[in-house]
Amino acid sequence: MATTEAKPGNPNILVSTKPLPKCDRNPPTPAPRSLSFHRVRKGIHAVCVVIFFALPFANLMRFDIPRQRFYFFGYELWISEFSIIFFSLMFLMFLIAAMAMFYGRVYCGYLCPQMIFSEASIALESKLTRTVNKYVRWSVQRRKLLSQFLFYTIATAASVILAFAFISYFVEPRDLLHRLLAFDIKTAGGIAGATTTLFTLLDFLFVRQRFCTTVCPYGYLQGMLGDGDTLIVHYRDEDRECIECKKCVRVCHMGIDIRTSPYQIECIHCGECIDACADVLGRLGKQTLIHYVWGEHGEKLGASDNSWYQKLGLRNAKRVVVLLIILCYGAALFTALSMRRAVLVRIAPDRITMYRLGKDGTVYNRFRLQVANRGHEQAIAQLSIEGLPGTNFSGFENAVIVAAGQTVQQEFEIAAPPSAPLAPGVNHFRLVSRVGNEKDSVEQTFITPSKDPR
């Protein structure tokens with residue numbers, strides 16, 4: 001039976017007489033949306049910006065170069081305590097290195113200030129361009145010039161603010177504010193602020209993410225810190241379901257195609273391509289083809305059949321050892337900071353002259369005292385003599401008042417009258433210092449004239 005016939009009026013065109021099949025006009029059920037990494041990342045970015053400004057202004061972490069102080073979460077460390085400062089900074093560096101081994105370049109995508117402010121710069125420029133094109137009825141060229149003028153103006157103001165916050169990590173913020181209001185470009189702080197402002201503005205306008213691929217060494221260290229169980233962003237399409245929409249490429253801030261390789265040096269593991277693929281394929285009722293996975297051949301992040309410690313990244317003995325080292329390091333650092341005394345008392349003999357003999361036969365020994373108050377309140381250091389009977393302080397009250405953050409240096413003498421029962425030559429005793437409830441003693445020597453051998 002024929003299924004075609006000639007079209008009336010035009011015998012050269014054949015028309016099918018077979019009825020058309022019924023089409024299912026119901027769209028595919030969208031796949032359930034997973035966690036939006038874009039929203040999570042922007043939320044973390046906002047928290048990081050708050051922390052970036054809070055750390056120096058609240059003295060939570062700041063290296064005050066003019067006063068030679070290092071503030072570390074409530075502790076004011078002096079430059080004389082360089083060992084604690086060094087190990088504190090090394091602890092932070094070790095945390096970042098361990099994070100790279102566990103979670104790849106998550107620091108770059110979620111925590112790095114350079115990436116946060118670069119993306120903010122791009123978003124601001126795009127927002128201003130759209131706003132001007134929507135509300136301003138000028139020519140295309142004039143609208144472009146207006147949007148660029150607004151962007152440059154806001155970027156300049158933001159550069160000043162960010163430079164001020166950055167230099168506040170090294171100079172006391174109130175002092176720095178006075179320099180800024182006075183347009184100081186003569187002192188070291190003013191020159192550093194102006195230079196940082198200029199570099200920040202250039203970064204906002206021209207560099208942005210290029211810094212990550214051309215200057216920053218952290219990305220190149222990933223090859224040494226990562227292994228087969230490190231968290232990466234991976235494209236998996238065993239069933240060839242990719243529709244070649246290339247949205248994953250368009251949303252990538254680094255301009256790469258994640259489908260090429262998960263180990264591209266430009267990839268910062270931000271997860272934007274995961275959200276893009278989930279958005280497009282989700283409308284077709286399919287799951288995303290890009291995932292966070294534990295290694296190129298590992299399972300996906302958050303797989304339900306894994307134990308809680310595997311979901312956190314503790315996937316082998318090496319990671320457990322690294323975690324234990326971090327915990328021990330942190331505990332030792334906390335112990336060192338807790339045992340640190342707010343007031344440091346140092347006493348040393350002045351042996352330029354061994355002793356001084358008075359007209360009445362009294363023997364004097366001179367000592368040097370240094371009291372450093374590293375706390376936030378006024379302190380009183382009291383001295384006493386133990387093991388040297390019959391002696392006393394000469395011309396010196398045994399109490400020294402030291403203001404917070406100040407150091408007092410003073411010399412004093414200990415006098416031994418002729419009636420003091422001391423042996424000729426060297427006499428050992430202890431100088432005891434008391435500050436509040438804290439007590440410390442230092443072994444010292446008191447020298448008297450030797451007996452005439454004749």
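By convention here, the first residue in the shown sequence is residue 1. Excluded from the calculations below are hydrogen atoms, water molecules and symmetry mates; all remaining heavy atoms, backbone and side chain alike, are included.
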Worked check of side-chain contact (heavy atoms from CB on, under 4.5 Å) between Cys267 and Ile258: CA-CA 8 Å; Cys267 182; Ile258 191 60; 4.1 Å; yes
Min side-chain heavy-atom separation Arg142-Ser139 under 4.5 Å: yes
Side chains of Arg368 and Ile347 in contact at under 4.5 Å (non-hydrogen atoms): no
Aromatic ring proximity, centroids under 6.0 angstrom, Tyr103 and Tyr107: no
Pairwise side-chain contact, Val106 with Cys108, heavy-atom cut-off 4.5 Å (strictly under): no
Glu377, CD: over 12 other non-hydrogen atoms inside 6.0 angstrom: no
Point-to-point distance, once rounded to the nearest 0.5 Å, from CE of Met101 to CG of Leu323: 9.5 Å
Carboxylate-amine/guanidinium contact Lys42 Glu119, below 4.0 Å: yes
Heavy-atom side-chain contact between Arg179 and Thr187 under 4.5 Å: yes
Salt bridge flag under 4.0 Å for residues Arg236 and Glu241: no
Ion pair Arg319/Asp227, N-O distance below 4.0 Å: yes
Partner of Glu76 under side chain to side chain donor-acceptor pair (under 3.5 Å), chosen from Arg340, Arg62, Arg374, Arg69: Arg69
Within the 6.0 Å centroid threshold, strictly below: Phe164 and Phe53: no
Plane angle bin for Phe70 and Phe72 - parallel if under 30°, tilted between 30 and 60°, otherwise perpendicular: parallel
Test item: Gln209 and Ile268 side chains (from C-beta on) under 4.5 Å apart, heavy atoms: no
Between Asp203 and Gln114: side-chain donor-acceptor atoms closer than 3.5 Å: yes
Heavy-atom side-chain contact between Arg346 and Val371 under 4.5 Å: no
Test of ring centre spacing under 6.0 Å for Tyr292 and Phe37: yes
Over 12 non-hydrogen atoms of neighbours within 6.0 angstrom of CZ in Phe52: yes
Check: Asp257 side chain, Val249 main-chain N or O, donor-acceptor pair, under 3.5 Å: no
Note: Arg105-Glu266 ion pair, threshold 4.0 Å (strictly below): no
NZ on Lys439 to CZ on Arg434, rounded to 0.5 Å: 4.5 Å
Closest non-hydrogen atom pair, Ala372 against Trp78: CB-CZ3, 3.5 Å
Partner of Cys48 under side chain to side chain contact (heavy atoms under 4.5 Å, CB included), chosen from Ile44, Val50, Ile51: Ile44
Tyr309 atom OH, over 12 foreign heavy atoms within 6.0 Å: no
Arg41 side chain near Cys270 side chain, heavy-atom distance below 4.5 Å: yes
Modelled atom types, side-chain donor and acceptor of Arg143 and Ser147, under 3.5 Å: no
Validation row, ring centre Phe412 to ring centre Phe367 under 6.0 Å: yes
Side-chain (Ser121) to main-chain (Phe117) donor-acceptor, under 3.5 angstrom: no
Pair Glu244 + Lys246: basic N to acidic O under 4.0 Å: yes
Asp279 bridged to Lys247 by N-O distance under 4.0 Å: yes
